[in-house]
Amino acid sequence: MRSPKLAALELKRFGRGKLPRAALVAILLLPLLYGALYLYSFWDPYSRLDKIPVALVNEDRGATTDGKKINAGDDITKGLLDSKTFAWHRVSDAEARKGVEDGTYYLSLTMPGDFSSRIASSSGDSPETGALRVRTNDANNYIVGQISRTVFSEVRTAASTKSSRTFLDKIFISFSDIHDATAKAAKGAGDLKQGVDKAKKGSKDLANGLKDAKAGSGDLAAGMKKLDKGAKDLQSGSRKVADGTQRLADKVNGNADKVRPYLANNGRSIRDTARLVSDSATAVRHNLDDLVKRAPVIRSAAHVADDKLAKALQEECVAKPEAATEFPALCAALKDASVTAGDVATIADDVHELTKGGDGDLKTLDARLAKLTRQADELARRAPHLDEDVEDAIRKINELNAGAKKVSAGAEKLHTGISGARTGSVNLDTGVGKLKKGAGDLDGGLFKLADGSGTLASGLKDGVDRIPDYDEQDRDRRTEVMADPVQLASQSLHKAPNYGTGFAPYFIPLSLWVGAMVAYMIIQPLNRRALAAGGSAWRIALAGWLPVAAIGVLQVAALMSVLHWGLGLQMDRAAGTVGFLALVTCCFSAIIQWLNARFGAAGRILVLAVLMLQLTSAGGTYPVQTSPGFFNAVHPFLPMSYVVEALRRLISGGGIGPVWQACAVLAAFTVGALALTAVSARRKQVWTLDRLHPELTL
């Protein structure tokens with residue numbers, strides 16, 4: 001008897017009574033219990049989240065910033081109530097805590113009292129982070145906690161974006177303020193540059209004037225040095241003359257009674273002394289002539305230096321208070337130099353007074369020296385004859401001594417004055433040198449300052465052009481973009497419309513496996529009559545497979561009809577899906593037939609074990625890559641792995657490459673399982689004691 005006829009006979013026996021017919025109907029509808037009921041139970045759970053009771057606590061007291069009232073807690077509360085994401089219940093914090101603990105609420109969301117003030121602080125000096133408090137209890141429901149994390153993350157993002165807008169709006173307003181302030185600074189820098197340019201010109205004139213003053217003060221110091229040397233020589237010579245005349249007068253006056261003999265005996269010595277006095281007086285007069293020639297020049301140079309320093313002090317420090325403020329050390333030195341120059345000019349005037357015509361002291365001194373010279377010459381001429389006119393000689397000697405003392409006193413006074421003038425001229429030259437160096441440094445500093453102020457003015461002008469100045473409309477637009485700069489441009493290819501559609505590729509093969517498994521509980525995997533008759537092993541295998549395969553096709557038809565027209569499952573390739581599922585149920589039937597035929601009662605346990613193994617490694621819920629290594633290892637070797645992947649493409653859309661691969665794998669499993677069943681049928685045709693008396697019967 002052929003295999004189809006044997007299969008028909010196997011099915012025909014289910015029509016002999018009510019109970020077999022009921023069993024056949026139950027087998028046909030059994031996949032609905034797994035497929036349709038499972039999918040129906042969570043077909044679209046996210047559309048019913050508004051049934052989940054959630055506690056909402058708003059303790060926010062609000063805040064005020066820049067005169068504006070902020071109530072972030074009220075805004076978020078209103079938005080959540082309007083969204084109806086959950087079944088919100090506005091309660092106190094204590095009620096929320098108790099409700100989450102005892103299961104009245106699945107979770108709670110709390111906005112603390114300082115929520116608005118923390119958000120407002122983002123635009124102040126001490127920014128703080130505002131915190132939304134979420135309280136969950138996985139003992140109530142773990143999945144709700146996971147869903148809430150996603151929902152509240154969106155709430156947090158929205159609140160953060162609003163806070164950022166306030167902060168960024170102030171930043172853009174600050175940009176405009178900085179732009180205006182920088183424009184004012186640029187104008188001030190331009191004015192500064194003009195002032196520095198003027199100051200630089202003045203400092204250059206000052207440096208040139210001090211250069212001339214330094215040359216004059218140097219000449220003055222050199223001349224005063226020579227004059228001081230001459231005055232020193234004059235003082236020394238006049239002192240020697242005075243000492244000599246004093247000794248002579250002392251001798252003459254002290255030895256008046258012996259003068260005549262002394263003069264008679266010492267005429268040559270007196271003559272030599274008189275000649276010495278004459279020569280010394282002549283030398284002093286020569287120095288006085290040099291002093292008379294140099295005194296007007298020195299006086300003129302001293303007054304020129306004094307006038308230039310006074311003018312520089314007036315123009316650069318007195319007339320310019322800002323210069324006195326910026327260069328106090330230079331102005332102080334300039335003032336000291338001016339005072340010293342005035343002192344030197346005064347001394348030069350005194351020297352000039354000594355040297356000019358009239359009744360000046362220097363002229364008197366010169367006259368006395370001339371007279372002294374004449375007297376000394378006369379004495380030298382008359383020395384050999386002094387003894388002839390002792391009284392006249394003594395008188396003249398005393399007059400000479402008195403004149404010599406006056407000359408010595410005048411020379412000492414003159415040397416003292418000239419020494420003071422020389423010291424003043426040296427100080428003046430040193431001070432003018434410092435002023436000249438300071439003026440050079442000032443000119444160089446002002447050159448750098450002028451260059452720097454020009455760079456500053458140019459840089460500030462460029463900065464004004466680069467600093468943005470936003471109007472209100474542009475500011476609002478930029479604030480919107482920067483507060484939420486990244487938008488998620490989500491594009492879902494072949495998106496499943498609901499939760500049930502996404503899980504259908506997983507539960508449909510599960511239900512078909514269970515349907516085939518239950519079918520082989522009432523249908524023999526190997527036809528006993530054919531085994532007893534010694535029929536072909538392939539024929540026997542096909543005879544046991546065809547009835548269950550036929551039932552499986554009917555199961556597919558019933559299941560997909562309910563899913564499509566009952567639950568609303570939309571398939572991208574409906575005909576392909578049904579045809580592929582027919583192949584799936586034929587493959588599952590062949591595998592389950594072989595396990596039952598080969599292992600008997602133990603095979604039914606193996607069928608459950610293989611089902612569990614496929615469910616855990618097929619990647620029907622989470623990607624298989626997230627499973628432990630063992631499940632990743634067995635994933636490629638089990639048929640349901642390929643079935644799940646192919647059904648996703650057939651139901652949701654996409655390339656059908658995995659579908660053809662799955663068809664090839666399922667065909668291979670089907671042929672392989674039937675071949676193994678044929679081998680088992682051949683073995684079953686040989687009766688053994690184990691078959692006659694099995695150890696386990698199910």
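Everything numeric in this text was worked out from a predicted model, so none of it was measured. Keep in mind that the numbers below use all heavy atoms, side chains included, and drop hydrogens, waters and symmetry copies.
Formation of a donor-acceptor pair under 3.5 Å by the E645 side chain with backbone atoms of P658 is not found in this model. In this structure a side-chain-to-backbone donor-acceptor pair under 3.5 Å is missing from Y520 to R604. Formation of a donor-acceptor pair under 3.5 Å by the D60 side chain with backbone atoms of D74 is not found in this model. Between the side chain of Y506 and the backbone N or O of G619, no donor-acceptor pair lies under 3.5 Å. When atom types are taken as modelled, the side chain of R649 and the backbone of G654 share no donor-acceptor pair closer than 3.5 angstrom.
Between L56 and L81, the closest side-chain pair of non-hydrogen atoms falls below 4.5 Å. Side chains of F580 and L666 form a contact here, defined as non-hydrogen atoms less than 4.5 Å apart. When side chains are defined from C-beta on, T616 does not count as touching M612, because their heavy atoms never get closer than 4.5 Å. N58 is listed as a side-chain neighbour of R90, based on a closest heavy-atom distance under 4.5 Å. For the pair L647/L581, a side-chain contact is recorded, criterion being any heavy-atom separation below 4.5 Å from C-beta on. Two residues are said to be in side-chain contact when any heavy atoms from C-beta on lie closer than 4.5 Å; Y642 and C663 fail this criterion.
In terms of heavy atoms, H635 sits closest to S641 at O-OG, 2.7 Å.
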Could you go through the side-chain contact (heavy atoms from CB on, under 4.5 Å) check for M560 and I508 one step at a time?
CA-CA 9 Å; M560 298 310 294; I508 290 174; 3.9 Å; yes
So M640 and L615, side-chain contact (heavy atoms from CB on, under 4.5 Å) or not? Walk me through it.
CA-CA 8 Å; M640 190 177 288; L615 291 177; 3.9 Å; yes
Would you sort out whether L611 and V607 count as a side-chain contact (heavy atoms from CB on, under 4.5 Å), showing the intermediate values?
CA-CA 6 Å; L611 174 62; V607 169; 5.7 Å; no
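Residues meeting the side-chain hydrogen bond (donor to acceptor under 3.5 Å, both in side chains) test with R598, sequence neighbours left out: none. The side-chain contact (heavy atoms from CB on, under 4.5 Å) search around P53 returns H89, Y105, Y106, not counting sequence neighbours.
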Which atom pairs, one a donor and one an acceptor, fall under 3.5 Å between side chains of residues 587-595 and the rest of the protein, sequence neighbours left out?
| unit_1 | atom_1 | unit_2 | atom_2 | d |
| --- | --- | --- | --- | --- |
| S589 | OG | T585 | O | 2.7 |
| Q593 | NE2 | P525 | O | 3.0 |
| Q593 | NE2 | A541 | O | 2.8 |

